[in-house]
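Shown next, in structure tokens, is the structure this report addresses.
Side-chain atoms are counted along with the backbone in the values below, which use heavy atoms only and exclude waters and symmetry mates.
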Amino acid sequence: MSQLLLEIFSEEIPARMQQGAARNLERMASDRLKAAGLTWDALTTYAGPRRLTLVIDGLPAATPDRNEELKGPKTSAPAQALEGFLRKTGLTQDQLVERDGVWFAQISSKGRATTEVVAESVDDIIRHFPWPKSMRWGTGTLRWVRPIKRILALLDGAVIPFEVDGIPSGDVTEGHRFMGAGQPFAVKDFADYRTKLERNFVLLDAADRKLRILEGARAVCAAQGLALVDDDGLLDEVSGLAEWPTPILGDMDPQFLALPPEVVQLSMKVHQKYFAVREPGKEGLAPHFVVVANVEATDGGAALAAGNAKVLSARLSDAEFFWTEDQKVGFDAWNARLKDVTFHAKLGTLAERVDRIAALAREIAPLVGADPAQAEQAARLSKADLASGMVGEFPELQGIMGGYYARLAGQPDAVADAIRDHYKPQGPGDTVPAAPVTVAVAMAEKLDTLVGFFAIDEKPTGSKDPYALRRAALGVIRLILDNDVRIGLRSAIDAAVGAGISGELGVIVKLASLEEGQHAEAHELLKLHGLPHMRAISSAVGVTSQVQIWPIAFPFASFNRRAFELAFRDNKIFGGQYDLIDKGADLLAFFADRLTVLLRDKGQRHDLVAAVFALGDDDLVRIVRRVEALAAFLATDDGANLLAGYKRAAQLLKAEEKKGSLPEGAVATGLPNQPAEETALAFAAAAAASAVDAALEAEDFAAAMTALAALRGPVDAFFTAVMVNSDVAEERENRLKLLVQVRGVMNRVADFGQIAG
């Protein structure tokens with residue numbers, strides 16, 4: 001078996017594109033070689049500042065011979081069908097085989113040399129490589145992220161001959177731009193390639209470069225009694241900037257430590273790619289930095305450190321200017337500027353968004369133990385720093401700078417902390433705030449985002465989520481669960497709508513065929529059935545062919561679909577001509593999906609979440625506790641066997657429902673010749689119903705599961721000894737009522753019909 005070594009050597013590849021390029025090279029090479037019929041033992045890719053490398057071990061010398069039979073049209077099919085089949089196979093009719101009235105084609109092809117397949121594949125990969133940005137150079141038509149200098153392609157040490165847009169393949173590469181031997185060198189295989197690169201000061205593997213950076217940076221810090229401030233994102237980036245990374249400790253002007261540490265660290269990271277340094281046991285940063293050079297300097301890096309210190313001082317001087325000037329402006333002026341900043345064309349300005357968040361935060365505050373006035377004040381100041389000079393320079397500091405400026409303005413710590421942390425949590429790895437005022441503002445901010453964009457029908461589709469609504473929903477869920485917040489999602493959605501969202505997120509009812517004067521009658525009909533509408537969007541949206549459409553929006557939490565249907569289905573005027581647009585239900589389903597993802601990551605089954613959500617509960621804390629108790633119950637023999645009994649009962653009832661409605665009423669006991677197992681199950685179901693109701697009322701879900709477990713034996717005995725579909729109509733009806741009762745008791749805990757098993 002053979003080894004393939006491929007290197008595409010170019011000018012500098014941006015660090016942010018390297019990992020993606022390595023993945024794309026692996027994917028594209030795998031797809032093309034597999035399509036040609038090749039197999040292998042191992043495939044690995046590497047990416048660095050100037051090269052993409054692919055090594056495959058265990059390739060055969062050639063693709064296998066192929067023999068396949070293709071089924072064609074019937075012999076009686078129209079001539080056009082046969083002609084199409086012949087074009088597809090490249091054969092003539094006399095080369096086909098007829099069997100049982102059907103044409104078959106026998107296709108045979110000889111295997112191809114691996115070198116031929118690789119040459120074609122590499123050409124195709126290079127020409128269709130999906131760089132985020134690419135360029136052309138010279139007079140050629142080839143596009144690549146940067147100009148390609150050479151292509152190395154070897155199969156078992158021999159060059160695979162081909163040419164891509166005038167660039168020939170070969171066995172030559174080169175080392176470090178400055179520290180290497182100065183001349184290209186030939187290699188024989190991957191081991192020789194990697195060894196010679198290291199001799200020429202190139203670390204091929206990004207993991208090796210990261211380790212060298214981390215160990216070197218910690219060593220130069222430890223030599224001065226300092227400690228490195230770890231930054232995984234910066235480490236990933238810097239490992240793509242240097243082929244032979246060499247950390248150097250530099251000094252910065254101590255006066256800049258008067259700036260917030262986040263400002264200093266971010267300025268180092270964003271503009272200069274420096275690591276921050278601290279003194280062990282002390283808060284804040286030390287007046288030093290670590291720069292990663294791409295050379296081993298003869299003076300130990302003194303000149304490089306001094307030069308980088310000058311550049312850093314210039315950067316921090318700019319930050320110091322913004323810090324000083326911002327303190328002269330303040331929150332009132334910044335909030336005034338937000339009136340001229342559009343948040344979204346359909347959702348108003350940032351100032352209007354702030355008003356909504358403030359109103360919602362005040363309403364949420366009592367539910368999380370926060371002071372309503374402080375929650376509202378924090379929300380009103382939460383977006384002001386977006387108009388500050390510092391955040392204009394460093395958008396990553398939004399919220400953080402607001403917290404600093406709030407403290408300098410004399411705001412309480414709870415308000416300043418809420419401003420600082422109200423964007424949290426921003427991702428799965430981010431911390432969840434616990435301070436009550438912060439929780440209130442953070443929830444309000446995310447709910448306003450979700451409700452607003454759902455109201456204007458800007459929901460995520462597929463993999464596209466331009467407004468990060470999935471992240472916002474997950475943030476709300478984590479805030480609720482981690483802080484044990486007892487709030488109904490429906491009420492929270494209604495509160496956000498009531499705060500002034502543009503658009504509608506309640507239940508919108510469109511009534512058709514209304515004539516003049518019937519609007520008031522519709523109002524009265526709604527009130528009669530306990531459905532006072534929140535507001536009429538308009539008295540008449542449009543008139544087409546004498547048919548008026550009149551939308552009415554209900555608060556999501558208070559809408560009762562059953563009551564509405566009773567009011568309008570049989571009404572002599574409206575005659576059931578209505579349409580429901582339930583955007584609130586769409587958002588609730590979106591939350592359910594995000595909760596399912598969160599719990600699945602923690603090991604819970606998605607079907608259990610669906611089974612609990614189907615009950616209509618919207619208290620996330622209660623839902624999660626119920627899911628956990630349900631999972632524990634189903635893991636026992638009683639749970640698994642009772643689920644099997646439920647499935648059997650559900651199948652019988654479903655079959656009966658197809659014939660008509662199920663029998664209603666109480667289950668009779670003490671009937672003549674009634675089996676003891678039937679009576680026992682009837683009493684057990686009644687007892688379980690009482691116990692389950694009491695347990696659910698107390699939110700003791702473990703006790704509810706214990707009550708269900710008591711049904712396992714009677715259910716098993718019933719199905720073993722009793723024939724449900726008795727020839728005696730009265731017996732059959734009573735037994736169906738009993739199964740309805742058992743199903744109902746179990747469905748009070750969860751919709752067992754949605755549980756797999």
Side-chain angles (χ1 to χ4, degrees), residues 367 428 443 446-447 450-451 454 459-460 465 469-496 505-507 555-562 580-635 639 642-643 646-647 650 692-693 695-702 704-705 708 743-757:
L367 302 175
M443 283 186 60
K446 293 167 180 59
L447 281 169
L450 288 160
V451 170
F454 267 73
K459 296 176 284 189
D465 187 10
L469 301 187
R470 293 187 179 97
R471 186 175 69 186
L474 186 59
V476 172
I477 292 170
R478 292 181 65 198
L479 284 164
I480 290 174
L481 297 181
D482 286 24
N483 293 288
D484 201 32
V485 178
R486 305 310 299 270
I487 184 173
L489 284 179
R490 290 179 177 84
S491 297
I493 291 170
D494 276 349
L505 198 78
V507 179
F556 176 48
S558 64
F559 180 70
N560 185 319
R561 180 182 292 269
R562 177 64 175 165
L580 296 181
I581 303 174
D582 197 345
K583 296 183 182 179
D586 290 345
L587 180 51
L588 195 64
F590 185 68
F591 271 111
D593 177 68
R594 292 297 91 197
L595 179 64
T596 301
V597 171
L598 179 65
L599 294 183
R600 186 175 59 205
D601 291 343
K602 294 182 178 180
Q604 293 289 5
R605 290 164 43 181
H606 68 89
D607 57 332
L608 301 190
V609 181
V612 172
F613 245 106
L615 301 183
D617 195 359
D618 63 344
D619 183 324
L620 296 183
V621 174
R622 188 163 53 227
I623 287 171
V624 171
R625 291 175 183 171
R626 195 181 293 222
V627 168
E628 292 171 348
L630 182 60
F633 174 60
L634 292 175
L642 185 58
L643 176 62
Y646 176 94
K647 297 288 187 183
V692 166
D693 287 346
L696 293 179
E697 180 68 24
E699 295 191 9
D700 187 348
F701 301 113
M705 301 304 164
L708 288 186
R743 183 179 67 176
V745 171
M746 294 184 66
N747 280 349
R748 295 179 197 182
V749 175
D751 183 354
F752 280 78
Q754 298 202 34
I755 300 175

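- Residue pairs meeting the side chain to side chain donor-acceptor pair (under 3.5 Å) criterion with at least one member in residues 592-614, sequence neighbours excluded: Arg605-Asp607.
- For the atom pair CG (Leu587) and CD1 (Ile493), the distance works out to 4.0 Å, reported to the nearest 0.5 Å.
- Within the structure, side chain to side chain donor-acceptor pair (under 3.5 Å) contacts touching residues 746-757 (residues at least two apart or in different chains) are Tyr646-Asn747, Asp693-Arg748, Asp751-Gln754.
- Residues Leu634 and Gly639 share a closest heavy-atom pair of CD2-O, 3.7 Å.
- Every ring-ring contact (aromatic ring centres under 6.0 Å, His included) that Phe590 has, sequence neighbours left out, goes to Phe454.
- Asp482 is linked by a salt bridge (charged side-chain N to carboxylate O under 4.0 Å, His left out) to nothing, counting only residues two or more places apart in sequence or in another chain.
- Taking each heavy atom of Asp465 and Pro460 in turn, the nearest pair found is OD1-CG, 3.5 Å.
- Contacts of Lys459 classified as salt bridge (charged side-chain N to carboxylate O under 4.0 Å, His left out), with partners at least two apart in sequence or in another chain: Asp586.
- Counting only heavy atoms from C-beta outward, the side chains of Arg486 and Arg622 approach each other to under 4.5 Å.
- Rounding to the nearest 0.5 Å places CG of Asp700 at 11.0 Å from CZ of Arg625.
- When every heavy atom of Phe701 is checked against every heavy atom of Ala629, the shortest pair comes out as CB-CB, 3.6 Å.
- In this structure, Asn483 contributes its side chain and Val485 its backbone to no donor-acceptor pair below 3.5 Å.
- Considering every non-hydrogen atom in both Val749 and Leu615, the closest pair reads O-CD1, 3.2 Å.
- Atom CE of Met746 and atom CG of Leu642 lie 3.5 Å apart (nearest 0.5 Å).
- Within the 4.5 Å cutoff, the side chain of Leu608 has no heavy atoms near those of the Leu599 side chain.
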For Phe752 and Leu630, what are the C-alpha separation, side-chain angles and deciding distance, and is it a side chain to side chain contact (heavy atoms under 4.5 Å, CB included)?
-> CA-CA 10 Å; Phe752 280 78; Leu630 182 60; 3.9 Å; yes
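- Ala496 approaches Val451 most closely through the heavy-atom pair CB-CG2, 3.6 Å.
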Below 3.5 Å, can you tabulate the donor-acceptor pairs from side chains in residues 472-481 to any protein atom, sequence neighbours excluded?
| from | atom 1 | to | atom 2 | distance (Å) |
| --- | --- | --- | --- | --- |
| Arg478 | NH1 | Gly427 | O | 2.8 |
| Arg478 | NH1 | Pro428 | O | 3.4 |
| Arg478 | NH1 | Asp430 | O | 3.3 |
| Arg478 | NH2 | Asp430 | O | 2.9 |

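- For the atom pair CG (Leu595) and CG (Leu489), the distance works out to 9.0 Å, reported to the nearest 0.5 Å.
- Contact detail for Val692 and Ala704: the closest heavy-atom pair is CG2-O, 4.0 Å.
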